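Throughout, numbering of the chain's residues begins at 1 and tracks the sequence. These numbers were taken from a predicted model, which means no experiment stands behind them. Read the numbers this way: they start at 1 and go in the same order the structure lists the ligands and their atoms. Hydrogens, waters and symmetry mates play no part in the numbers below; they use all other heavy atoms, side chains included.
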Amino acid sequence: MKSIILALSALTLAVLPSYKATATDAGAPWWKSGVVYQIYPRSFQDTNGDGIGDLKGITQRLDYLKNLGVDAVWISPFYPSPMKDFGYDVTNFTDVDPRFGTLADFDTLVAEMHKRGLRLVMDFVPNHSSDEHPWFVESRSSKDNPKRDWYIWRDGRSANQPPNNWLSVFSGSSWTYDPTTSQYYYHAFLKEQPDLNWHNPELRTVMLSAMRFWLERGVDGFRIDGISHTMEDAALLDEPADPKYKDTMPEFDKNLHVYTTEQPSNHSVVREMRKLCDQYPGERALITEAYITFEQQAAYYGTPEAPEAQLPFNFHLISADWTAASVAKVVAEYEAALPTHGWPNWVLSNHDKHRLGTRLPHGQARIAAMVLLTLRGTPTLYYADELGVKDVVVPPELAQDPVELKTPGKGFGRDPERAPMLWDATANAGFTTGTPWLPLEPDYVTLNAEAQDSDSQSMLSLYKTLLKLRRATPALNVGSYKQVAANEGVFAFIREADGQKFFVALNFTDKPATVTLGDLFGHVAFTSVMDQVGQSVAGALELRPNEGVVIKLD
Ligand code: NOJ
C-alpha cells in the first residue's frame with residue numbers, strides 16, 4: 001500500500017456467498033493446519049559427490065525446512081529404480097535406491113524429522129512398477145506364471161495390431177508387444193512402466209503390505225501417484241477422439257480417456273489404503289494425485305463412513321489464467337464442489353509443471369505465494385519456489401526427462417523445473433561437490449537461500465514471514481473463507497476464526513488499485529513488499545502494482 005486513505009465511506013462491504021466455512025478447530029490435524037513442502041530428492045542436496053541428491057542430504061537440511069516454517073515434507077520416489085522415469089519406475093517397493101542411500105538413512109531421516117516436529121510423506125506408486133521389477137520379469141516369462149495376472153496382458157487385435165487405440169500419457173500406444181508370449185502388456189506411462197493389475201487380489205495384498213512396511217517405519221502419509229490410471233475398463237473398447245484436440249497438445253490428449261482413467265473402482269483402492277492408514281496412530285494421511293474435474297476430485301474424499309484421501313490434490317490453479325477474476329472463479333468453483341466433510345488444498349507447482357516464476361506474468365510471484373498461503377486449505381509448496389526461481393534452460397544434449405527424450409523440443413519436458421536447489425554462493429550453489437545431474441540456475445550467486453536469508457525483503461523472507469503469520473493465526477490456517485467484491489484486477493477475501501478476521505487483497509495487475517473497505521478498519525499484518533506492518537487502515541486501501549496485503553480487522 002502506498003497510501004492509506006482514511007475512512008470516509010460507510011458503504012457496506014459486499015460479501016459474496018460464503019462456503020461451508022466451519023473449520024476453526026484449534027486441534028486440527030497436521031494435514032489440515034500444516035503446510036506441505038515437496039522435495040524432488042535428486043535435486044535437493046547431494047552428500048556423496050555423485051551429482052544426485054540423497055536422503056542424507058535431506059536430513060542435513062532439515063533445519064532449513066524447520067526455519068522456513070513448513071510442517072510436512074513429501075519426498076518424490078527414492079525406491080530402487082532403473083530411473084527411466086527417475087524413480088517412478090520401481091523395482092522394489094520396500095527399499096531405498098543406493099543412489100539415495102539406505103533404509104538406515106531413511107530411518108535416521110524419519111527420526112530427525114519427528115524430533116523437529118516435521119511429518120514425512122512418501123510417494124507411493126500403485127499404478128505401475130518398473131519392467132525390471134522381479135514381478136514383471138516373472139510375469140512376462142510365461143502365460144501360466146503365477147504372476148502373469150499381476151500385470152495386464154492381452155492378445156493383439158490382429159497381427160501387429162495392439163488390442164485397441166489406448167494411448168500412453170508419454171506418447172505412442174500404451175500397449176507393448178512382448179515376443180516371449182506373443183501378447184501385449186499395458187502401460188499408461190513408459191513401456192518400462194508396466195501397469196499393475198489391481199483386480200488381482202494377491203497383487204493388492206502385496207502392494208498394501210508395502211505401504212504397511214513404511215507405516216511401520218514411521219511415515220506420516222503417502223502421496224499416491226497417478227491414481228486416475230489405477231483401473232481400466234475390462235471390455236477394452238477403443239477410446240473416442242477428443243474433438244478439442246490440437247496438434248500443439250501432447251498426443252495423449254487426442255482421445256477422451258473414458259476407459260483408462262477415473263474408473264469407479266479406483267475408489268475401492270483408495271478406500272483400502274485409507275483403512276490401512278487409519279490402523280495407525282497419528283493421523284497418517286493420503287494425498288491423491290490426479291488432474292481431474294472438481295467433481296471427480298470431490299469423490300476422492302470418499303464419504304464419512306468410507307473415507308478415502310484427506311487431500312485429493314487440487315491442481316486447478318496451475319492451469320488457471322493468472323487474473324484476479326479467473327483465480328477467484330477457481331476458488332469459488334472448488335469451494336462449491338467440496339463435500340461438507342472435505343478439507344481443501346492448493347498446489348501451484350510440482351516436478352511435472354513448469355516453474356511458477358516462468359508461468360506467471362512478470363511481478364506476480366509474490367501474489368502467487370500469498371494465494372497459496374492465505375486461501376482456505378492445505379498448501380503444497382514445491383522446493384525452491386520459496387526462492388522465486390524460474391525454469392532452468394536445459395540444452396538438448398543434457399536432457400534427462402523421458403518425456404523430453406520421446407517428444408524433444410515441444411516444451412513438454414520436465415527437466416527445467418527439476419534443477420538443483422540453490423543453497424549458497426559456493427560452487428554448484430552448495431548442492432554438490434560433483435557434477436550436478438541437471439544444470440543449475442545461472443543466477444544462483446544472488447538467488448540462493450543463504451543470500452536471500454540475509455535480505456529482509458527477499459522472496460525467501462516473504463515466505464518465512466507469511467508462513468509464520470499463518471502458523472500463529474487460526475483464521476489463516478483453519479479459518480473460514482468469504483470472497484469480497486473488489487475492483488477488476490483485485491482478488492479480495494476475508495478469513496475468520498475464533499472472532500478474529502483477516503482481510504486479504506491481492507492486486508493481480510501491474511497498475512495501482514484501490515480497494516474499498518466500507519466500514520471495516522484494522523492494521524496491516526503483512527504486505528508483499530514487506531513493509532508498513534502495524535499501520536492502521538480504514539475505509540479504503542491503495543495497493544501498489546502487483547501488491548498483496550493482509551489486514552487484521554479490528
Ligand atoms: C505422476 C508423476 O508426478 C510423474 O512425475 C510420473 O512421471 C508419472 N506420475 C508416472 O509415475
Asks: Touching ligand 1 at all, K84? Heavy atoms, strictly under 4.0 Å?
Replies: no

Asks: Do the ring planes of W214 and F106 sit parallel (below 30°), tilted (30 to 60°) or perpendicular (above 60°)?
Replies: perpendicular

Asks: Salt bridge or not between R414 and D85? Use side-chain N to carboxylate O under 4.0 Å.
Replies: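 Looking at R414 and D85, the cut-off is met.
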
Asks: In terms of residue, atom name and distance, what is the protein heavy atom nearest to atom 2 (C) of ligand 1?
Replies: D225 OD1, 3.1 Å

Asks: Nearest protein heavy atom to atom 3 (O) of ligand 1, by residue and atom, and its distance?
Replies: D352 OD2, 2.5 Å

Asks: Any salt bridge between R99 and D97, counting N to O under 4.0 Å?
Replies: yes

Asks: Between D352 and R418, does at least one N-O distance fall below 4.0 Å, as a salt bridge requires?
Replies: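 Looking at D352 and R418, the cut-off is met.
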
Asks: At less than 4.0 angstrom from any non-hydrogen atom of H128, what atoms of ligand 1 do you find?
Replies: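 Contacts of ligand 1 toward H128, numbered from 1: 10 (C), 11 (O).
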
Asks: If we only count heavy atoms from C-beta on, is the H187 to H128 side-chain gap below 4.5 Å?
Replies: no

Asks: Assess whether a salt bridge exists between D123 and R223, defined as any Lys/Arg side-chain N lying under 4.0 Å from an Asp/Glu carboxylate O.
Replies: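 Yes, charged N to carboxylate O under 4.0 Å.
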
Asks: Would you mind telling me if ligand 1 is within reach of the side chain of F313, the backbone, both or neither, using heavy atoms under 4.0 Å?
Replies: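 Neither part.
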
Asks: Is the closest heavy atom of H229 to ligand 1 under 4.0 Å?
Replies: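 Judged by the 4.0 Å heavy-atom criterion, H229 does not count as contacting ligand 1.
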
Asks: For atom 7 (O) of ligand 1, find the nearest protein heavy atom and state the residue, atom name and distance (0.1 Å precision).
Replies: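 Answer for atom 7 (O) of ligand 1: D85 OD2, 2.6 Å.
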
Asks: Give the residue and atom name of whichever protein heavy atom lies nearest to atom 8 (C) of ligand 1, and the separation in Å to one decimal.
Replies: F189 CE2, 3.8 Å

Asks: Does F170 have a heavy atom less than 4.0 Å from any atom of ligand 1?
Replies: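 In this structure, F170 qualifies as a contact of ligand 1 - some heavy atom is under 4.0 Å.
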
Asks: Salt bridge check: are E417 and K353 linked by an N-O gap of less than 4.0 Å?
Replies: no

Asks: R418 heavy atoms, cut-off 4.0 Å: which ligand 1 atoms fall inside?
Replies: 5 (O)

Asks: For ligand 1, which atoms, with element, lie under 4.0 Å from some heavy atom of R414?
Replies: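 What qualifies from ligand 1 is 4 (C), 5 (O), 6 (C), 7 (O).
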
Asks: For E289, take its heavy atoms, then give the atoms of ligand 1 lying under 4.0 Å from any of them.
Replies: 1 (C), 3 (O)

Asks: Under 6.0 Å between ring centres, would you say that holds for Y383 and W74?
Replies: no

